[in-house]
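Residue numbers start from 1 in every chain, and the chains themselves are labelled A, B, ... in the order their sequence lines are given, proteins ahead of strands. Only this structure's heavy atoms are used, side chains among them; waters, hydrogens and symmetry mates stay out.
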2 protein chains.
Amino acid sequence: MDSNFMKKPSKATITDIAKRVNMTTVTVSRALNRPEKVKKETLAQILEVARELNYVPNAFARNLKSRESRLFGLVTASLDNPFYGEVIKAITREAKRRDFSLMLFDTDGSAELEARAIDTLLSYQVAGIILSVVSDEDDYHPSYLPKLEMAGIPVVQIDRKLADAPFAGVYLDNQESGYRGISALLEQGHRHFLVVGGPERSNITLSRLAGIRRALDQYPEHTSLDVLHGDYTQGPAREAVSEYLARGKRPDAIFGLNLLITLGSLEAMRQHGVSRNDIQLFSIDQVPYAHLYGEPIPCISHDTYALGLSAINMLLKKIDDPQHVPADAVVKGQLQP
Amino acid sequence: MDSNFMKKPSKATITDIAKRVNMTTVTVSRALNRPEKVKKETLAQILEVARELNYVPNAFARNLKSRESRLFGLVTASLDNPFYGEVIKAITREAKRRDFSLMLFDTDGSAELEARAIDTLLSYQVAGIILSVVSDEDDYHPSYLPKLEMAGIPVVQIDRKLADAPFAGVYLDNQESGYRGISALLEQGHRHFLVVGGPERSNITLSRLAGIRRALDQYPEHTSLDVLHGDYTQGPAREAVSEYLARGKRPDAIFGLNLLITLGSLEAMRQHGVSRNDIQLFSIDQVPYAHLYGEPIPCISHDTYALGLSAINMLLKKIDDPQHVPADAVVKGQLQP
DNA sequence: CTGTTAGCGCTTTCAA
DNA sequence: TTGAAAGCGCTAACAG
């Protein structure tokens with residue numbers, strides 16, 4: 001091929017340092033890792049030369065030998081979904097505290113990219129993985145699963161649950177959120193609902209819908225329910241709702257089963273000149289900054305920072321004690337405002 | 001097929017594969033990397049065994065030998081700042097396309113964490129770094145700079161420019177944005193302004209202010225300008241503006257020099273019962289979803305996706321052709337609405 | 001306190 | 001088409 005012209009900016013190694021101080025690499029390695037095991041003067045000398053040469057340890061060499069990495073992997077379908085903002089914050093903070101670094105992957109909703117991400121993470125011998133899969137439908141059986149199980153590294157799932165994976169996870173209280181959301185709307189006097197969810201077979205959507213149906217079934221008065229499905233993103237939700245409104249439908253309230261769906265619904269309402277006085281809007285997940293704009297959108301909000309924290313702590317616990325068998329955790333929602 | 005009784009799933013290596021097919025590691029390695037250089041049957045055999053054993057290449061061993069990594073580093077002060085959402089999206093997408101993985105660091109505004117992030121990236125022999133530093137003040141001279149230069153790996157800065165670093169970058173058109181923003185407000189008839197910026201000595205803030213002052217100086221009528229400083233985050237901006245309003249000050253318009261500052265200012269206004277009819281609000285950077293809520297906040301918006309794209313492409317070009325000396329790029333703002 | 005030896009998993013000549 | 005030998009940078013185990 002080509003490009004052997006690339007000058008290799010030969011980085012300083014412990015061998016270079018060793019030569020300069022007339023010691024062996026072993027001593028240099030020790031000086032760098034267990035300073036107390038080296039004579040003070042030697043140590044000082046080595047450290048100085050190291051600094052002089054801008055020495056940076058080679059993580060690859062170190063890991064190859066020690067079989068231990070300080071790396072976590074985080075895989076999500078969309079890093080830019082505000083829902084994950086706080087999650088990521090929590091995870092990076094805790095990882096940092098424990099001196100781990102993070103490798104982030106945005107799978108952009110693609111199962112193939114998800115598989116690639118897992119492969120890469122595995123090849124980097126990560127100490128643990130936090131995983132939010134692209135689909136939580138029952139028939140999603142990612143091909144990497146056997147590999148991942150066999151690798152024997154701790155995995156914690158968040159938000160979306162893989163149907164048949166033996167990993168613990170942190171999830172939302174989906175049924176309950178649906179139940180409480182629709183109940184709040186019922187209390188306000190609304191009777192006719194449009195619920196906009198994710199994919200028809202997504203378990204999260206199914207659970208939330210189950211909660212909603214449970215509340216409606218219990219309710220003594222007559223109610224009605226229409227349901228639209230999308231893919232948890234804004235565009236499809238907007239289109240579906242827009243088409244629905246175009247058909248002249250006017251429910252009392254629209255219940256978006258996640259943040260982006262709600263925003264998409266709101267867009268559709270605006271397109272059709274429908275105000276939030278005409279149709280009440282309700283969301284699962286809080287719309288960022290909404291409170292700054294006047295009328296906030298009522299919702300079941302989730303403490304996503306806590307979710308991230310819980311996940312990373314499960315991972316860390318598992319790493320500290322591999323015997324430990326973590327149990328699933330659930331983050332409960334809170335009715336806003 | 002034989003079942004697997006191994007309790008400890010020690011990872012398979014090419015040595016394991018080699019044994020199973022009665023070949024050497026060399027052949028296995030070749031089969032995996034240059035399939036065309038291996039006899040078809042051998043290849044098929046090797047690939048099958050590899051799959052059977054759930055083989056995953058060890059990136060560390062590979063890199064140690066080949067001195068070439070498929071890793072990028074991205075360092076920013078706050079991953080959860082919406083400003084970076086699209087930037088990250090663009091970068092992850094392009095990196096993915098070229099089969100690079102991303103290591104993300106959130107320095108949380110701490111110079112020390114920034115230094116650690118760079119060290120880690122260097123130790124992982126990353127192929128390139130995209131860097132948005134914690135401070136763009138002239139006297140910020142991070143200690144890692146010599147190390148980073150010496151490492152000789154491509155670095156592209158974004159948004160915030162390190163005063164004395166020899167790296168190219170992608171920046172915003174700060175002076176111009178200030179100029180155009182205040183001009184828009186002047187045209188609307190506003191004359192008395194409060195500008196809320198970042199740190200007093202931040203070059204970005206200085207540039208934007210310079211643009212603002214230039215416009216005001218040119219303006220024939222009498223105008224006035226107050227300036228408050230914060231740190232580019234929401235809390236301090238809110239406090240500063242709140243205190244300002246508490247003193248009874250009522251400018252015609254408040255100009256927030258970035259998104260979080262504007263949101264903080266808006267919070268302060270709400271605290272003091274000041275509506276956006278009383279005081280016009282203007283921002284640099286677009287407030288996400290604001291248009292969905294009615295009255296959007298007028299602003300100079302920046303195409304942050306383009307910014308990220310530009311940065312990653314500079315990096316890739318530099319990697320493809322190390323001779324290439326990239327020039328700084330500037331992303332221009334756009335007046336909204 | 002310091003050195004010797006050995007090897008992690010992989011790739012790279014060079015040779016067959 | 002395949003293999004033998006060597007070594008990337010580092011650290012563990014055992015001497016001394």
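For dT2(D), the OP1/OP2 oxygens have a side-chain nitrogen or oxygen of T42(B) closer than 4.0 Å. Between N33(A) and the phosphate of dT11(D), there is a side-chain N or O to OP1/OP2 separation shorter than 4.0 Å. An OP1 or OP2 oxygen of dG9(C) is reached within less than 4.0 angstrom by no side-chain nitrogen or oxygen of T15(B). Proximity of N58(A) to the phosphate of dC8(D): no side-chain N or O atom is located under 4.0 Å from OP1 or OP2. Contact annotation: R62(B) side-chain N/O to dT11(C) OP1/OP2 distance is under 4.0 Å. Within the structure, a side-chain polar atom (N or O) of Y55(A) is placed less than 4.0 Å from OP1 or OP2 of dC10(D).
Counting to the nearest Å, the C1' atom of dC1(C) and the NZ atom of K40(A) are 15 Å from each other. Spacing between atom NZ of K11(B) and atom P of dC10(C) amounts to 11 Å, rounded to whole angstrom units. Rounded to whole Å, the distance from CD1 on I14(B) to C1' on dT2(D) is 14 Å. With rounding to whole Å, L43(A) atom CG is found 14 Å from dT2(C) atom C1'. Atom CD in E36(A) sits about 13 Å away from atom P in dT2(C), given to the nearest Å. Computed from coordinates, the I46(B) CD1 to dT2(D) P distance equals 7 Å when rounded to whole Å. In this structure, R30(B) places its CZ atom 14 Å from P of dC14(C), rounding to the nearest Å. Whole-Å rounding puts the N63(A) CG to dC8(D) P distance at 19 Å.
With Q125(A) contributing its side chain and N63(A) its backbone, the two residues share no donor-acceptor pair below 3.5 Å.
Closest contact between the side chain of T27(A) and the listed nucleotides dT2(D), dT2(C), dT11(C) involves dT2(C). Here dT11(C) is the nucleotide among dT11(C), dC1(C), dG9(C) with the atom lying nearest to any side-chain atom of T25(B). Residue V26(A) has its side chain nearest to dG3(C) when only dG3(C), dG3(D), dC10(D) are considered. Nearest to the side chain of T13(A), among dG3(D), dC10(D), dT11(D), sits dC10(D).
Mapping F60(B) and R34(B) onto DNA chain C by nearest heavy atom places F60(B) closer to the 5' end of the strand. Residues L64(B) and L32(A) each lie close to DNA chain D; by heavy-atom proximity, the contact nearer the 5' end of the strand is made by L64(B).
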Go through the steps for R93(B) and D106(A) under the test salt bridge (charged side-chain N to carboxylate O under 4.0 Å, His left out), then give the verdict.
CA-CA 8 Å; R93(B) 285 219 178 120; D106(A) 182 330; over 6 Å; no

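The aromatic rings of F100(B) and F72(B) sit parallel to each other, their planes meeting at less than 30°, with 60° as the upper class boundary.
No more than 12 heavy atoms of other residues, nucleotides or ligands lie within 6.0 Å of CD in E41(A), so this atom counts as exposed by the packing criterion.
Electrostatic pairing of D16(B) and K11(B) does not count as a salt bridge here, judged by no charged N lying under 4.0 Å from a carboxylate O. The residues E94(B) and R97(B) are annotated as salt-bridged, a charged nitrogen and a carboxylate oxygen being separated by less than 4.0 angstrom.
For dG9(D), its base never sits under 3.5 Å from the side chain of K65(A) at any donor and acceptor pair.
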